[in-house]
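Take a look at the structure below.
All ligand and atom numbering here is 1-based and tracks the order in the structure.
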Amino acid sequence: MNRTNAPGSPAVTNAPATFQVKSFGCQMNVYDGERMAEMLGERGMTAAAEGTDADLVILNTCHIREKAVDRVYSDIGRMTREDGSRPMIAVAGCVAQAEGSEISRRAKTVDIVVGPQAYHRLPDLIAKAGRGEEAIDTDMPADSKFDTLPARTRQTRPTAFLTIMEGCDKFCTYCVVPYTRGAEISRSWSAILDEAKALVDGGVKEITLLGQNVNAWTGQDDRGQMQGMDGLVRELAKIDALKRIRYTTSHPNDMSDGLIAAHGEVAKLMPFLHLPVQSGNDRILKAMNRSHSVESYLRIIDRVRTARPDIAISSDFIVGFPGESDAEFEDTLRIVEQVRYAQCYSFKYSPRPGTPAAGMDGQIAPELMDERLARLQAVINREQVAFNNTTVGSRTDILLERKGRYPGQLIGKTPWLQSVHLTAPDHAIGDMIEVDILSAGPNSLAGEPSRRKAA
Ligand code: 5AD
Ligand code: SF4
């Protein structure tokens, strides 16, 4: 199907047969993108083959930093083909939620705008757009999208994401998430367990539980007892064919005693914790409304390490928050060295419309941000290389997840989330095997299957 309508004219009446979902940003968008694809598949549409034009392109967008938003508009612009035709274009995700109808005003070729809580209504929106009607839905409906999405079926990978809670009530002063994803809402115990079982029945060996503040999850179990995420993890661990459990992203204030204990007690819970601290300076943490201090954060890390001594820790950092002095920035370098992170994500502060920090005094010049980011990344890189080097010569279990770049090469993950490249046949994807780690680089390891078979 080709749309040749001039920009701004009504959309062509047409029903798309093929689709492509392009997800940007966080893992929750990846999850949402998969659920959209499954839903459209159930409605008889098919995913466009690699390298072919789709009738419908869904851009599943991220609003967390300005760059991510600019990318959406440039992607939309590039979708009109040389002959003037274009696919039906849907903007989903957090940009859709934040900008709403502004998107179709700014980019006239956008047919559908759908927020992250409303994408279960995508089939209706596609029909509307096909009739040339306005198709915008940024509701945060009381009925959960999860109730109407189709059940999970056979999966193409041995690993899967599973959203267990959405939204955020923390209101860090720099962050748009509480506005785009709404208030914290936990999915029910039974919905999560049913989805996990369906994923495992579909071939999944590892599940990563997702939420903006995943460790704030609460709910009643099937006996009516209140549970936290640790209870959920213990229950999931009873699913025999599920081999590994991970979760992300966590907030320091929601690291409960039970969850810390679970790290020492539940073998299937992988020894990896993504616990963002954002800054190593208390005044900045306060201005960010993080509601934890450097010291309370470090205490949590200590307790987690006591429960599970080999746990790998990762974090997110923001440099150049309004008013950040050189000395305050250097505190961030110090915490990276002190914690000895296994890996980290670091970002330049990006003022987001409608957030308190965007109106704060002392916005930092871009050149200074660039310089701080480069200095921080150098320290992070050094720590990451040091962490990876500790594994050289060791023997560990990996889950073979996908093909590598070269023929005959597969990529698996260690319990500590490191990628291991090795030679193995394609049919081994999905296997847990024991490997010897031969060498380490900053971003991955090289290994070979050990002769002994993994337990
Ligand atoms: N500018 C830069 N980084 C941000 N993050 C969130 N909001 C912003 C912003 N306005 C980062 C935080 C968060 C990660 C997902 O994105 O580090 O943990
Ligand atoms: Fe954003 Fe803070 Fe909520 Fe994380 S905890 S999603 S950084 S507001």
Among all protein heavy atoms in this structure, tell me which lies nearest to atom 6 (C) of ligand 1, with the distance rounded to 0.1 Å.
Ile64 CG1, 3.4 Å

Heavy-atom count around Gln409 CD within 6.0 Å, excluding the residue itself: above 12?
yes

Among Gln97, Gln117, Arg121, find the one that has a side chain to side chain donor-acceptor pair (under 3.5 Å) with Asp139.
Arg121

Would Tyr174 count as a polar contact of ligand 1, with the cut-off being nitrogen or oxygen pairs under 3.5 Å?
yes

May I ask you to identify the nearest protein heavy atom to atom 15 (C) of ligand 1, giving residue, atom name and distance to one decimal place in Å?
Asp316 OD2, 3.7 Å

Using a strict cut-off of 4.0 Å, indicate which atoms of ligand 1 neighbour a heavy atom of Arg352.
10 (N)

With atoms numbered from 1 as shown, which atoms in ligand 1 lie under 4.0 angstrom from a non-hydrogen atom of Tyr349?
1 (N), 2 (C)

In sequence, state the C-alpha distance, the side-chain angles, and the governing distance for Asn215 and Tyr247, and then conclude on side-chain hydrogen bond (donor to acceptor under 3.5 Å, both in side chains).
CA-CA 8 Å; Asn215 55 341; Tyr247 62 93; over 6 Å; no

Verify the contact flag for atom 5 (S) of ligand 2, where contact means a protein heavy atom under 4.0 Å away.
yes

Could you tell me if the side chain of Lys205 sits less than 4.5 Å from the side chain of Arg244, heavy atoms only?
no

Applying side-chain hydrogen bond (donor to acceptor under 3.5 Å, both in side chains), run through Gln384 and Asn443 and close with a yes or a no.
CA-CA 8 Å; Gln384 195 165 316; Asn443 299 311; 3.2 Å; yes

To the nearest 0.1 Å, how far is atom 1 (N) of ligand 1 from its closest protein heavy atom, and which atom is that?
Ser350 N, 2.9 Å

Less than 6.0 Å separating the ring centroids of Tyr179 and Phe171?
yes

Using a 4.0 Å cutoff against the non-hydrogen atoms of Tyr174, which atoms of ligand 2 qualify?
7 (S)

Around atom 17 (O) of ligand 1, find the nearest protein heavy atom and jot down its residue, atom name and distance.
Gln278 OE1, 2.6 Å

For atom 2 (C) of ligand 1, what is the nearest protein heavy atom, given as residue, atom name and distance?
Lys348 O, 3.3 Å

Determine whether a donor-acceptor pair (N or O, by modelled atom type, separation under 3.5 Å) exists between the side chain of Ser315 and the backbone of Val277.
yes

side-chain hydrogen bond (donor to acceptor under 3.5 Å, both in side chains) between Ser293 and Ser296, worked out
CA-CA 5 Å; Ser293 63; Ser296 65; 3.2 Å; yes

Just to confirm my output: which protein heavy-atom neighbour is closest to atom 3 (N) of ligand 1, and how far is it?
Arg65 NH1, 3.4 Å

Salt bridge (Lys or Arg N to Asp or Glu O under 4.0 Å) contacts touching residues 263-286 (sequence neighbours left out)
Arg234-Glu265, Arg283-Glu328

Is the Lys NZ or Arg CZ of Arg106 less than 6.0 Å from the centre of Tyr73's six-membered ring, within 45° of the axis?
yes

Is any NZ, NE, NH1 or NH2 atom of the basic residue among Arg382 and Glu337 found under 4.0 Å from an Asp or Glu carboxylate oxygen of the other?
yes

Which protein N, O or S atoms sit under 2.8 Å from atom 3 (Fe) of ligand 2?
Cys168 SG

